[in-house]
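For the numbers below, each heavy atom of this structure counts, side chains included, while hydrogens, waters and symmetry mates do not.
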Amino acid sequence: MLGESGFLKNKKIWVLLGLECLLLLLGIAGLFGRSGVVVDREDAGRLIEDGVSLPAGHYVLRLYYAGEGDNLGSFGVVTESDRHRTLLANEASVWEGDSVRECSFFLTDSVETCKAVFHLSENVEVQGLELHATNAGQRVFLFWVIAGCLLLNGILVICMYHRKHPIPMEKQVVGFGLPALMVFASLPAFVDYAIYGADLIFHMRRIETLADAIRLGELPVRMWSVWLGGHGYASSFFYGDTCLAVPAVLRLIGFTPDAAYRMFLVAVNLATAWVAYISFKGCFRNRYLGFFGSLLYTLAPYRMYNMYNRAAIGETTAMIFLPLLVWGFYRIYTEDPGKKGYLWNWVIPVIGFSGVIQSHALTCEMTGFFVIVLCLILWKKTFRRRTFMVLSCTVIMTVVINAWYLVPFLDLMFADQYYFGNNAGMLIQSRGVYPAQIFYTLQAGGSSSRYVENGMLEAEPIGLGVALLFCMFLWLVVRRYKCKETGDLIVQDKKKRAGDIVWILTVIALVMSTSWFPWDFLSHANKVLASLVGSIQFPTRITSVATVLGVFVACVTGEKVICSQWGKQKGWTGLGIIGAAAVLFGGYQLNDFLLTRDSFLRLYTPQNIGSAAVLGAEYLPLDADITHMRNHAPVLGNGVTLDGYEKKGLAVRGYVTTGEASYLELPLLYYKGYRAVEGNTGEELALIKGDNCDVRVLLPEDFSGQIRVWYAGMWYWHLAEAVSVIAGIGFLVYYGIRRRRISKIVCAATDSRSESVKAGV
């Protein structure tokens, strides 16, 4: 097809392909360039006193030291260069308990003088210094070459195809509109720093930990060894990391931590725009309405607030999948249950629920509540045999496919008491917004959530925004309009009822996000309710559900408008004005983020992220003291000696002898799943929770031998992993076969119609 259009005969195309191949070869050749030790320990004095000349590239300065104390200082590099941002580096902090620290940095141009600098306390002894060159810069260059070639070639192929077979205007609008929407929503990411939010360091630490786990092949990640001074932290059990694989891979390629984070934000915006378009187009069978819904959802004030103001990556990522749930349940409750293929309607909500579960458990809890309310409202349809089968399959398949995550999550949650258990008694009503904030139009980048003390002064931008609010009111006007194009009154009634129900659910969600909803009364009414209410922490989180429901109302309103007596032209003009309002007010909000946020982060050295960014320490065992969670030596019980102690991550080895029955406490935070064995015989040793919640190994009297302690997890966790893998592969294979059969049937029917037409002619 492309050959017929002269694609392969075009000399310019061949020149372009030649240039691309040359760039690819240069990128690949760069991987075999200079790497390894540049300055060794014997020559370290030159690096400190006179400096060294270095070409552009990525380097790692490694410090060998010994020292004790809470604040040991930092070290890094300086250069002499007049060029803008030649050196991309931070000083790396030095911690007690380590003997080696690294400081990584980029040089964007060659420099004549690069020196090591130290800001260390007096009790730190520098034992050595090395400078290593890596090929991270070449990997980043090759990544951009491949990405640029794919993008450019894709655009050229589409343009050549369009010349031969003109693409319909509606597809052009979507094809150019979604990337443009992504770029517009990502404007605060197109800078050389990350806008600082309350959750930023926590999520950067998660990304860095996942990158290390992928590098070492430790998947799936169960326990993060680098957290809390090497004690380990079980955040991965309770907070899904699946979507963070994207920035983690970017870190492995060689991008700096803040660059990988900002690129991930761009990817999230693109995924949100695309998934929202697919979902709302699927609901209304109209590409323009799908794009209209995608525009309103992607630029929703609360989503932008989560992404840039709070850096709440978990909630923001979960919002990618919420439109799939709207689409899935819309199909379940509006399609004819007797229709062929109806029983496969569980697929879309399973994908949606899985994405939410793997991103943010609290969003899944809130979404599940509204799904239950929907099922109760439509109880007659819910308990139809085939509909109930689809709903049951949705629950079962969601659990089976996510068993690898849910089984360890539930097992660990009930195995101990954690700080998030304190949320059960938390009164959250004061954290709700004022009703006035729901109707707030100019969504700025405020940072205050203390509404009780500060009112709406510098309030966080929480609400639906002017475009969705207008559509909510407009629905009350147009809901009774009859569609001229569709004479089927049953179909029109279904759309009207769907709009009414979702409108009511949206209002309920908005009311629940306010300080007027009786959250405190519910907390005092029942222990179960207190636990559920407290886990939400912030009623404003329900705005995410209100947003996706409000976008559905906007789309069904738009469908009513364009096919009513107003006419298509006036209807689309009206929707265009609403979309323009969303862009205008969204641009104001994004601009405010860039101009008024008073702190930002340029992070080039991952070692500077730290190990104690655990936010509210929700997943810390209740009897653990976070101030104790730093590097320290093992604690020996009476009569215990320890030789050859070695700790790598969450694995410990050492030779232990005892006289009487005693114990050995290790600098590991106790969670269910640790094992201890005698190294030679494999005999199991008992483990219990020790002081400050450290892992305590119980030793029998007259014990002498090598012990090994590591985090092994539970055998049934691995069984759950196998179940999820088998279920996922089985589903993909069966669904692929089914789609192939449907395609063959459609092709056969098309060929038959073509032959009939020819015969008739």
Determine, step by step, whether Phe552 and Tyr297 satisfy the side chain to side chain contact (heavy atoms under 4.5 Å, CB included) criterion, reporting the C-alpha distance in whole Å, the side-chain angles of both residues, the deciding distance to 0.1 Å, and the verdict. CA-CA 9 Å; Phe552 180 89; Tyr297 189 67; over 6 Å; no

Show me the pairs that pass salt bridge (Lys or Arg N to Asp or Glu O under 4.0 Å) and involve residues 350-364, at least two apart or across chains. none

Salt bridge (charged side-chain N to carboxylate O under 4.0 Å, His left out) partners of Glu365, counting only residues at least two apart: none

Establish, from distance only, whether the side-chain atoms of Tyr670 and Asp416 form a donor-acceptor pair under 3.5 Å. no

Any chance you could lay out the side-chain hydrogen bond (donor to acceptor under 3.5 Å, both in side chains) test for Arg675 and Tyr711, step after step, and finish with the verdict? CA-CA 6 Å; Arg675 285 187 63 193; Tyr711 194 79; over 6 Å; no

Applying side chain to side chain contact (heavy atoms under 4.5 Å, CB included), can you list everything that pairs with Gln358, at least two apart in sequence or on another chain? Thr242, Asn402, Trp404, Tyr405

When you check the gap from the basic side-chain N to the acidic O, do Asp192 and Arg602 get nearer than 4.0 Å? yes

Flag side-chain contact, heavy atom, 4.5 Å: Pro179 against Leu270: no

Can you check whether Phe238 and Tyr619 have ring centres sitting under 6.0 Å from each other? yes

Just jot down the side chain to side chain donor-acceptor pair (under 3.5 Å) partners of Glu208, sequence neighbours excluded, or say none. Arg251

In chain order, what residues pass the side chain to side chain donor-acceptor pair (under 3.5 Å) check against Thr363, with sequence neighbours excluded? His360

Please report whether the ring centroid of Tyr59 lies less than 6.0 Å from that of Phe105. yes

Under 6.0 Å between the ring centres of Phe321 and Phe353? no

Ser236: side chain to side chain contact (heavy atoms under 4.5 Å, CB included) partners, not counting sequence neighbours: Val221, Trp224, Asp241

Restricting to side chain to side chain contact (heavy atoms under 4.5 Å, CB included), what partner residues turn up for Arg708, sequence neighbours left out? Arg653, Val677, Trp710

Set of residues satisfying side chain to side chain contact (heavy atoms under 4.5 Å, CB included) with respect to Leu668, sequence neighbours excluded: Lys647, Leu650, Val652, Leu666, Tyr674, Val695, Val709

Is there a donor-acceptor pair under 3.5 Å between the side chain of Arg205 and the backbone N or O of Ile609? no

If the condition is side chain to side chain donor-acceptor pair (under 3.5 Å), which residues does Arg139 pass it with, not counting sequence neighbours? Asn135

Would you mind reporting whether Trp346 and Ile332 have side-chain heavy atoms less than 4.5 Å apart? no

Would a 4.5 Å heavy-atom cut-off, applied to side chains only, mark Met204 and Leu603 as touching? yes

Set of side chain to side chain donor-acceptor pair (under 3.5 Å) partners for Asn153, sequence neighbours left out: Glu20

Cut-off 3.5 Å, side chains only: do Ser235 and Trp227 have a donor facing an acceptor? no

Partner residues of Glu315 under the salt bridge (charged side-chain N to carboxylate O under 4.0 Å, His left out) criterion, sequence neighbours left out: Arg310, Arg541

Identify every side-chain donor-acceptor pair in residues 324-331 under 3.5 Å, counting partners at least two apart or on other chains, and give the distances.
from: Arg331; atom 1: NE; to: Glu335; atom 2: OE2; distance (Å): 3.4
from: Arg331; atom 1: NE; to: Asn345; atom 2: OD1; distance (Å): 3.3
from: Arg331; atom 1: NH2; to: Asn345; atom 2: OD1; distance (Å): 3.0

